[in-house]
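Below is one structure, written out as structure tokens; comments come after it.
This is a predicted model, so every value here is computed, not measured. Just so it is clear: chains get the letters A, B, ... in the order the sequence lines come, proteins before strands, and each one is counted from 1.
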There are 2 protein chains.
Amino acid sequence: MSIVRKISESAVHRLSLYLRILEDLESEQRETVSSEEMSGRSATTAAQVRKDLSLFGSFGKRGWGYDVADLAGRLRKILGLDRQWRVALVGAGRIGSALVEYGGFGERGYDVVAIFDSDASKVGEKWGGLRVRDIGEFEEVASEQSVEIVILAIPVEAVPSVMEHVDRAGVRGILNFAPTKLKVPEGVAVKDVNMVMELEALSFALSQEDGER
Amino acid sequence: MSIVRKISESAVHRLSLYLRILEDLESEQRETVSSEEMSGRSATTAAQVRKDLSLFGSFGKRGWGYDVADLAGRLRKILGLDRQWRVALVGAGRIGSALVEYGGFGERGYDVVAIFDSDASKVGEKWGGLRVRDIGEFEEVASEQSVEIVILAIPVEAVPSVMEHVDRAGVRGILNFAPTKLKVPEGVAVKDVNMVMELEALSFALSQEDGER
DNA sequence: GCCGCCTTGTGAAAATCTTCACAATATTAG
DNA sequence: CTAATATTGTGAAGATTTTCACAAGGCGGC
């Protein structure tokens, strides 16, 4: 199953969504599901669901639908959730703590193996069994721990100095919470989580309504 | 300037990004900027920048570029940042606290005027000058305070009961941090901030690389 | 074993989004 | 004032994504 086609950002998001729906169905003990029902629980059409899945193979049975557990497993594999990812958290502030507390990451295959901060007063604290380390140790610890993904939960002004450490450590992906566009070496994947942008999209939508009325 | 055309999600995100770039330029005391330079600082092309802006009007001067301050002002207006929005935070947990602490919202026009939680042990705490209230008071307080936007920072399992309160209060927009698709009345806008989905998009991207190699 | 029903998988059409390419035009130099 | 230069605004072309619509199968009933 070697996939060559480029999969769009939105298709990948929908796959995540489908997986979440399937997990709900699993907890409801459902055996099968149709593209029709999947579309009802997401915000798409049945055709979209089938098209998205067909990008990766043929998982359903005609006249019958999809096996919930089987499809969930396949989506997990497609999304890279069938293995463990070694993750470092950089930034032991509020967002970082929300993430560590949330905890759901371990279950989904993301193992937080180290936590860093540049604030000397935070270094040394214990967070869920891990000691907060100085960012200066990043390169060494990250390579020792085979860190592949960094969660970057630091303020914008700290980004340049932190990124120097991160760039040198051969990390493959960054989940970026800082509201700024990261400059990263070729081959490093970045995904942004940006609540300010979403809030702006919201007030844009509301303003548009006002204008139309 | 009545806009009828439907503006795509991605175009709106780019507008936010352009505004952030313009604010950087303002702090660098720059007078003008070309679509070329804007594209260099974002991840788009100059044509894309011009096309996006042209959806709303004609803001530049040929041979000269855009006036930084003027364009920033126009984008703020387009994004609905030229007015105040009355916001309620629902969920006084880690994420909620990260948001309140972050603080940048006030400056951007989002006034957090009330905070709610369903956990009795949190009710009554003081958060940045506001008392955490019981979610049961939501409808009353939200209408009294003319709340338009709700930031929903609660766990998935709390969503159904909380949404009953929110639905009845005539809120217009929701910024949703819970990793679930909200069912909202007609006319209510929802934007999701979902770090799990972004993490999955990241591991998907990394898995794809592996597969190609 | 055959028929009727249901739902997938998928080409083709439609819609949407991005890039191209260039005329229009403001600015500056001579 | 004219020419040279720079950069916008925008139709048209190209690319991508979504929707449509239906043939291809699988399943249950008889």
Side-chain angles (χ1 to χ4, degrees), chain A residues 1 3-18 21-22 25 30-72 74-75 78 201 204-205 208, chain B residues 1 3-18 21-22 25 30-72 74-75 78 201 204-205 208:
Chain A
M1 197 228 290
I3 300 120
V4 182
R5 173 108 44 81
K6 197 190 152 285
I7 310 296
S8 75
E9 195 85 350
S10 21
V12 177
H13 275 162
R14 285 194 302 268
L15 295 178
S16 284
L17 192 52
Y18 301 154
I21 290 167
L22 290 165
L25 290 166
R30 287 281 305 280
E31 275 281 318
T32 71
V33 66
S34 67
S35 59
E36 185 64 34
E37 182 173 4
M38 298 265 289
S39 73
R41 291 182 180 230
S42 48
T44 16
T45 63
Q48 179 81 78
V49 172
R50 294 199 298 276
K51 199 71 158 189
D52 286 339
L53 297 176
S54 78
L55 294 173
F56 298 93
S58 168
F59 305 144
K61 280 192 224 157
R62 295 174 188 219
W64 198 75
Y66 300 88
D67 180 288
V68 170
D70 174 68
L71 186 55
R74 286 168 186 278
L75 285 182
I78 290 166
F204 173 78
Q208 293 289 98
Chain B
M1 199 227 290
I3 299 122
V4 183
R5 173 107 45 80
K6 197 190 151 285
I7 309 296
S8 74
E9 194 86 349
S10 22
V12 177
H13 276 163
R14 286 194 301 270
L15 294 179
S16 283
L17 192 53
Y18 301 155
I21 291 167
L22 289 165
L25 290 166
R30 287 280 305 279
E31 275 281 318
T32 72
V33 66
S34 66
S35 58
E36 184 65 33
E37 183 172 5
M38 298 266 288
S39 73
R41 290 183 182 230
S42 47
T44 17
T45 63
Q48 180 80 78
V49 172
R50 295 200 297 275
K51 199 69 156 186
D52 286 339
L53 296 177
S54 78
L55 295 173
F56 298 93
S58 168
F59 305 144
K61 279 191 225 160
R62 294 175 187 221
W64 198 75
Y66 300 88
D67 180 288
V68 170
D70 174 67
L71 186 56
R74 286 168 186 279
L75 285 181
I78 290 166
F204 173 79
Q208 292 290 97

Spacing between [X] atom [atom1] and [N] atom [atom2], to the nearest angstrom:
X	N	atom1	atom2	result
B:E36	D:dT8	CD	C1'	12 Å
A:W64	C:dG9	CH2	C1'	17 Å
A:L55	D:dT16	CG	P	14 Å
A:I7	D:dT16	CD1	P	13 Å
A:E37	C:dT7	CD	P	11 Å
B:D67	D:dT8	CG	P	13 Å
B:L15	C:dC17	CG	P	13 Å
B:E9	C:dT18	CD	P	12 Å

How far does [atom1] of [X] sit from [atom2] of [Y], to the nearest 0.5 angstrom?
X	Y	atom1	atom2	answer
A:D52	A:S39	CG	OG	11.5 Å
A:T45	A:R50	OG1	CZ	8.0 Å
B:L25	B:M38	CG	CE	7.5 Å

Distance check: side-chain N/O of [X] vs OP1/OP2 of [N], anything under 4.0 Å?
X	N	result
B:S35	D:dT8	yes
A:Q48	D:dT19	yes
A:S8	D:dT16	no

Open item on the list: If I compare all heavy atoms of B:I7 with all of B:A11, which pair ends up nearest, and what's the gap?
Closed with: CG2-CB, 3.8 Å
TODO: Can you see which heavy atom on B:L53 is nearest to which on B:F59, and at what distance?
DONE: O-CE1, 3.9 Å
Nucleotides 9-12 of chain D: which of its N/O atoms have a protein N/O under 3.5 Å away?
{"from": "D:dG9", "atom 1": "OP1", "to": "B:S58", "atom 2": "OG", "distance (Å)": "2.8"}
{"from": "D:dG9", "atom 1": "OP1", "to": "B:F59", "atom 2": "N", "distance (Å)": "3.0"}
{"from": "D:dG9", "atom 1": "OP1", "to": "B:G60", "atom 2": "N", "distance (Å)": "2.8"}
{"from": "D:dG9", "atom 1": "OP1", "to": "B:G60", "atom 2": "O", "distance (Å)": "3.4"}
{"from": "D:dG9", "atom 1": "OP2", "to": "B:Y66", "atom 2": "OH", "distance (Å)": "2.8"}
{"from": "D:dG9", "atom 1": "O4'", "to": "B:R62", "atom 2": "NH2", "distance (Å)": "2.9"}
{"from": "D:dG9", "atom 1": "N7", "to": "B:R50", "atom 2": "NE", "distance (Å)": "2.7"}
{"from": "D:dG9", "atom 1": "O6", "to": "B:R50", "atom 2": "NH2", "distance (Å)": "2.9"}
{"from": "D:dG11", "atom 1": "N7", "to": "B:K51", "atom 2": "NZ", "distance (Å)": "3.3"}
{"from": "D:dG11", "atom 1": "O6", "to": "B:K51", "atom 2": "NZ", "distance (Å)": "3.3"}

Task: Closest listed nucleotide, where the reference is the side chain of A:R14 and the choices are D:dT8, D:dT18, D:dT17 - done: D:dT18
Task: Audit row: B:L22, B:Y66, side chain to side chain contact (heavy atoms under 4.5 Å, CB included) steps and yes/no - done: CA-CA 10 Å; B:L22 289 165; B:Y66 300 88; over 6 Å; no
TODO: Please report the C-alpha distance between A:Y18 and A:T44 in whole Å, then the side-chain angles of each, then the deciding distance to 0.1 Å, and finally whether the side chain to side chain contact (heavy atoms under 4.5 Å, CB included) criterion is met.
DONE: CA-CA 10 Å; A:Y18 301 154; A:T44 16; 4.0 Å; yes
